[in-house]
**Student:** 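What follows is a structure written as structure tokens; I'll ask about it next.
Positions are given from 1, in the same order as the sequence printed here. Ligands are counted one by one from 1 in listed order, and the atoms in each one are counted from 1 as well.
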Amino acid sequence: MKYVSEYRDRESALEYAELINQLVTCEWNIMEVCGGQTHSIVKYGIDQLLPASVTLIHGPGCPVCVTPVEFIDQAAAIAGIENVIFCSFGDMLRVPGSTTDLLGVKAAGGDVRMVYSPVDAVQIAVGNPDREVVFFAVGFETTAPVTAAAVLQAEHLGLENFSMLVSHVLVPPAIEAVLSSEECAVQGFLAAGHVCAIMGYKEYEPIAAKYGVPIVVTGFEPLDIFEGIYMCLKQLEQGRADVENQYLRVVSREGNQVSVELIKSVFKVTDRKWRGIGKISDSGLMLKEKYSRFDAGKKFKVSTHEVEEPEICISGEVLRGNKKPGECAAFGKECTPEHPLGAPMVSSEGACAAYYRYRYVRKDDE
Ligand code: SF4
């Protein structure tokens with residue numbers, strides 16, 4: 001297919017691998033922020049074509065994985081209320097809460113529906129005026145504009161029976177949290193191209209300057225990632241710490257102003273807990289006071305409590321890039337995509353799911 005196949009060309013990938021080999025003179029650690037990039041890296045074996053001195057560390061860039069258990073519990077409690085139609089992206093349905101997941105609520109009789117867009121949830125609300133329709137708004141800056149558009153549409157239509165549970169998170173504060181950690185070994189970043197397509201990359205410039213790390217806005221196809229790694233390594237070898245844009249065909253420095261304004265008009269920035277990581281200041285979005293009537297958390301006063309992850313699950317270490325999924329004792333045993341213990345095994349962007357799908361070899365297959 002045009003615009004895809006040329007970014008998966010094997011010979012060009014091998015040429016990049018050779019260029020990188022010639023460039024590197026010492027050990028470097030680079031974090032790819034986005035789970036979509038992690039999947040490409042593991043699927044196409046990009047890490048296996050790099051010199052042993054270059055380590056790719058998988059970052060926390062999977063919004064499904066970092067949604068706190070308390071939010072999943074809150075979603076499950078609301079979804080179980082009679083007369084509620086609970087709408088969610090498919091990835092969230094199987095993310096384990098403390099006692100159940102949304103599919104479990106559906107199996108117990110709850111009206112839980114998978115939608116592809118919050119606007120679909122608005123339409124369901126229009127078609128069901130006697131029911132309460134709730135949308136589970138999860139995602140990075142990429143999905144926040146369409147959530148904002150759904151709020152404005154619901155307001156325009158005067159809907160009283162539509163609300164949302166907002167768990168949007170922001171990438172730059174997460175990068176700063178990684179860099180501020182005492183155990184941080186990351187020396188350069190591949191920033192998520194789709195997030196920057198919305199937000200631009202101006203907000204990464206002070207981070208690169210403050211922490212002295214190169215940040216390269218990078219796409220998702222194999223050659224995008226090879227080029228992003230090459231650009232990042234070139235900066236590291238030259239002692240530079242700039243923000244550069246590999247994903248020129250999609251991303252501009254300013255981003256998409258219409259989307260940015262949509263986000264700003266409906267949401268305000270708030271502190272947010274990230275699953276496996278903890279609270280990160282100014283890393284989430286919540287509805288502005290003006291739109292608080294669409295806040296499902298306020299509308300349905302369900303109570304939740306702080307929850308500990310299963311002891312065996314090291315998803316926090318995986319999400320902070322300190323450990324690889326294969327280092328988890330439960331990987332491929334107690335924890336599989338069919339029976340996930342932690343969110344990184346559920347989500348299509350989760351690191352554990354990527355390793356299970358592309359790298360895991362069952363003992364009886366060896
Ligand atoms: S393999 Fe499963 S139990 Fe282990 S860290 Fe990943 S999600 Fe948690």
**Student:** Return yes if some donor-acceptor pair links the side-chain N/O of S180 with the main-chain N/O of E176 below 3.5 Å, else return no.
**Tutor:** yes
**Student:** Could you check whether any side-chain heavy atom of E155 comes within less than 4.5 Å of a side-chain heavy atom of R293, counting everything from C-beta outward?
**Tutor:** yes
**Student:** When you check the gap from the basic side-chain N to the acidic O, do R240 and E244 get nearer than 4.0 Å?
**Tutor:** yes
**Student:** So, S283 and W274: side-chain donor and acceptor under 3.5 Å apart, yes or no?
**Tutor:** yes
**Student:** Dump the intermediate steps for salt bridge (Lys or Arg N to Asp or Glu O under 4.0 Å) on D224 and R249, then the final yes or no.
**Tutor:** CA-CA 11 Å; D224 289 323; R249 66 186 186 281; 2.8 Å; yes
**Student:** Give the ring-plane orientation class for F136 versus F71, where under 30° counts as parallel, over 60° as perpendicular and anything between as tilted.
**Tutor:** parallel
**Student:** When you check the space around atom 4 (Fe) of ligand 1, which protein N, O or S atoms turn up under 2.8 Å?
**Tutor:** C328 SG
